[in-house]
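Input: a single structure, listed below in structure tokens.
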Amino acid sequence: MDSRSSSDGLNSTPDSSSSPTSSPSSAVQRALQLIESDDQNSKLQGAQEIRRLTKTSHRCRRQLSASVGPLVSMLRVRDSAESHESALLALLNLAVKDETNKIKIVEAGALEPIISFLESQSSNLQEYAAASLLTLSASAVNKPIIGSSGAIPLLVETLRHGSPQAKVDSVMALSNLSTHPSNLTIILEAKPIPSILTLLKPCKKSSKTAEKCCALIESLVGFDEGRTALTSEEGGVLAVIEVLENGSLQSREHAVGALLTMCQSDRCRYREAILKDGVIPGLLELTVQGTPKSQTKAHTLLHLLRDSPYPRSELQADTLENIVCNIISQIDGDDQSGKAKKMLAEMVQVSMEQSLRHLQQRALVCTPTDLPISTCTSEVSLK
């Protein structure tokens with residue numbers, strides 16, 4: 001995600017003062033002349049023009065790429081919040097959906113002042129800085145540079161104490177940065193999981209925020225420190241399970257991936273913690289309604305959650321029904337047991353109906369000698 005919207009995402013309004021008859025090329029030339037002026041008021045006007053022109057136009061972002069240097073210089077002007085804000089917003093719009101400009105902004109030295117704004121007393125500057133880092137971190141080239149710049153601890157601090165919008169943009173920036181392996185240890189050292197959970201628990205589980213929180217958690221639980229942090233927080237595993245049940249398809253994939261990573265790393269340690277928070281109904285639903293990756297991960301996790309991850313005998317087929325019945329027998333009496341049994345019964349019924357329809361369709365086109373000898377099965381086989 002490059003920004004909070006297809007424009008700068010900061011609730012800006014179009015500048016009605018621009019002439020509808022002026023051509024884009026003349027407007028671009030005027031903006032470049034203003035931003036390259038030695039007069040600070042002209043520079044400020046130029047930054048505002050660049051922000052307006054690049055709000056929705058990719059062509060203007062390309063044409064105004066030369067303004068990156070002067071805009072970055074404006075970020076370094078002392079005691080000028082207006083210049084800082086105008087330059088940040090212009091740079092943010094220049095970077096949106098433009099990989100070349102993202103890289104050019106970092107190469108021009110923008111990171112140092114942007115990172116310093118995360119500690120600003122101005123909530124606007126802090127928000128614009130977090131949004132800028134979110135946008136710039138979408139570039140694969142920029143990820144390791146941002147990671148080694150000192151931005152990560154300050155993003156985690158913003159996630160703890162920033163404004164609501166700054167928190168959202170910070171967690172999304174951290175999620176972007178986490179896809180570069182060298183950044184993961186830096187993120188872990190900043191201990192972000194309590195703050196991620198604080199943001200995740202009350203938010204809508206189908207939201208983009210929940211998706212990015214779960215993506216970040218999935219990356220972090222690949223490390224023992226991350227798994228320990230998640231299980232040490234009250235309701236930490238439950239928050240992930242709630243996303244598994246009610247999140248978007250992508251969020252649910254991250255959630256089941258996080259739980260599977262934990263169980264695979266140390267089944268004895270994490271199996272009970274995952275089971276007790278009622279994961280079975282959500283996993284059952286994922287086996288039929290998730291993405292292909294989610295379905296595979298849900299099946300594998302169900303294997304690991306039963307009393308033994310291996311088939312108990314050749315007489316008991318290694319089917320989803322038998323696996324879930326085995327798990328339910330261990331948690332009988334809990335509310336989740338009844339819900340899981342009901343869901344399993346519905347899945348078996350659907351499987352039987354699908355098998356019966358398949359046989360009926362074959363009967364219409366096959367001769368009697370071609371018909372299968374076996375009848376429909378009540379087992380839902382593992383994929």
Side-chain angles (χ1 to χ4, degrees), residues 2-118 120-136 138 163 165-166 169 173:
D2 288 346
S3 74
R4 282 168 280 178
S5 75
S6 59
S7 61
D8 60 14
L10 298 167
N11 300 320
S12 60
T13 54
D15 187 349
S16 59
S17 64
S18 61
S19 170
T21 59
S22 61
S23 67
S25 58
S26 63
V28 165
Q29 289 301 318
R30 180 172 181 272
L32 286 172
Q33 289 172 356
L34 288 169
I35 199 65
E36 291 169 358
S37 169
D38 292 330
D39 179 68
Q40 290 303 312
N41 288 330
S42 296
K43 281 183 174 292
L44 187 61
Q45 187 180 354
Q48 292 166 347
E49 281 293 294
I50 291 166
R51 178 193 177 190
R52 181 185 64 79
L53 290 168
T54 55
K55 183 174 181 179
T56 57
S57 171
H58 180 69
R59 181 182 178 187
C60 284
R61 291 176 196 135
R62 294 278 79 246
Q63 293 173 331
L64 286 163
S65 180
S67 67
V68 166
L71 287 168
V72 170
S73 296
M74 288 179 68
L75 298 180
R76 300 181 183 278
V77 176
R78 290 181 176 273
D79 304 320
S80 180
E82 188 177 15
S83 290
H84 295 161
E85 290 183 14
S86 296
L88 265 180
L89 291 172
L91 287 168
L92 181 57
N93 278 9
L94 278 166
V96 169
K97 298 181 180 178
D98 192 303
E99 177 75 5
T100 301
N101 282 348
K102 285 181 174 68
I103 295 169
K104 189 171 184 177
I105 289 167
V106 169
E107 290 177 342
L111 283 183
E112 183 184 349
I114 289 174
I115 291 168
S116 71
F117 296 150
L118 288 175
S120 172
Q121 297 300 309
S122 164
S123 60
N124 279 347
L125 266 181
Q126 187 185 77
E127 287 184 8
Y128 301 161
S132 297
L133 288 170
L134 163 59
T135 302
L136 295 173
S163 69
Q165 186 61 58
D169 286 345

Taking only residues two or more places apart in sequence, or in another chain, which ones meet Ser67 in a side chain to side chain contact (heavy atoms under 4.5 Å, CB included)?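 Leu32, Ile35, Ile50, Leu64, Leu71, Leu94.
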Shortest non-hydrogen contact from [X] to [Y]?
| X | Y | value |
| --- | --- | --- |
| Gln126 | Ser120 | NE2-O, 4.3 Å |
| Ser132 | Leu92 | CA-CD1, 3.9 Å |
| Ser65 | Asn101 | OG-OD1, 3.0 Å |
| Leu125 | Glu85 | CD2-CG, 3.9 Å |
| Arg61 | Asp98 | CB-OD2, 4.0 Å |
| Leu75 | Phe117 | O-CZ, 3.6 Å |

Hey, mind stepping through Gln48 and Leu34 against side chain to side chain contact (heavy atoms under 4.5 Å, CB included) and telling me if it holds? CA-CA 10 Å; Gln48 292 166 347; Leu34 288 169; over 6 Å; no
Under 3.5 Å donor-acceptor, His84 side chain and Pro113 backbone: no
Qualifying residues under salt bridge (charged side-chain N to carboxylate O under 4.0 Å, His left out), relative to Glu112, sequence neighbours excluded: Arg76
Salt-bridge criterion met for Glu99 and Lys102 (N-O under 4.0 Å):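 Salt bridge flag = no for Lys102 with Glu99.
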Do [X] and [Y] have side-chain N/O donor and acceptor atoms under 3.5 Å apart?
| X | Y | value |
| --- | --- | --- |
| Asp169 | Gln165 | yes |
| Ser163 | Glu127 | yes |
| Arg52 | Asn93 | no |

Step by step, work out the side chain to side chain contact (heavy atoms under 4.5 Å, CB included) result for Ile114 and Leu136. CA-CA 11 Å; Ile114 289 174; Leu136 295 173; 4.1 Å; yes
Ser73: partners by side-chain hydrogen bond (donor to acceptor under 3.5 Å, both in side chains), with sequence neighbours left out: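 Not a single residue meets the side-chain hydrogen bond (donor to acceptor under 3.5 Å, both in side chains) criterion with Ser73.
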[atom1]/[X] to [atom2]/[Y] distance, rounded to the nearest 0.5 angstrom?
| X | Y | atom1 | atom2 | answer |
| --- | --- | --- | --- | --- |
| Gln45 | Ser37 | CD | OG | 10.0 Å |
| Thr54 | Arg59 | OG1 | CZ | 14.5 Å |
| Ile115 | Leu133 | CD1 | CG | 6.0 Å |
| Ser83 | Leu44 | OG | CG | 5.0 Å |

Any non-hydrogen side-chain atom of Lys43 less than 4.5 Å from a side-chain atom of Val77?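 Answer no - side chains too far apart.
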Show your working on salt bridge (Lys or Arg N to Asp or Glu O under 4.0 Å) between Glu107 and Lys104 and close with a plain yes or no. CA-CA 5 Å; Glu107 290 177 342; Lys104 189 171 184 177; over 6 Å; no
Is there a side chain to side chain contact (heavy atoms under 4.5 Å, CB included) between Arg30 and Glu49? Walk through the geometry before answering. CA-CA 9 Å; Arg30 180 172 181 272; Glu49 281 293 294; 3.9 Å; yes
So with a 6.0 Å cut-off around CD of Glu82, is the heavy-atom count from everything else above 12?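 Check fails, neighbour count at 12 or below.
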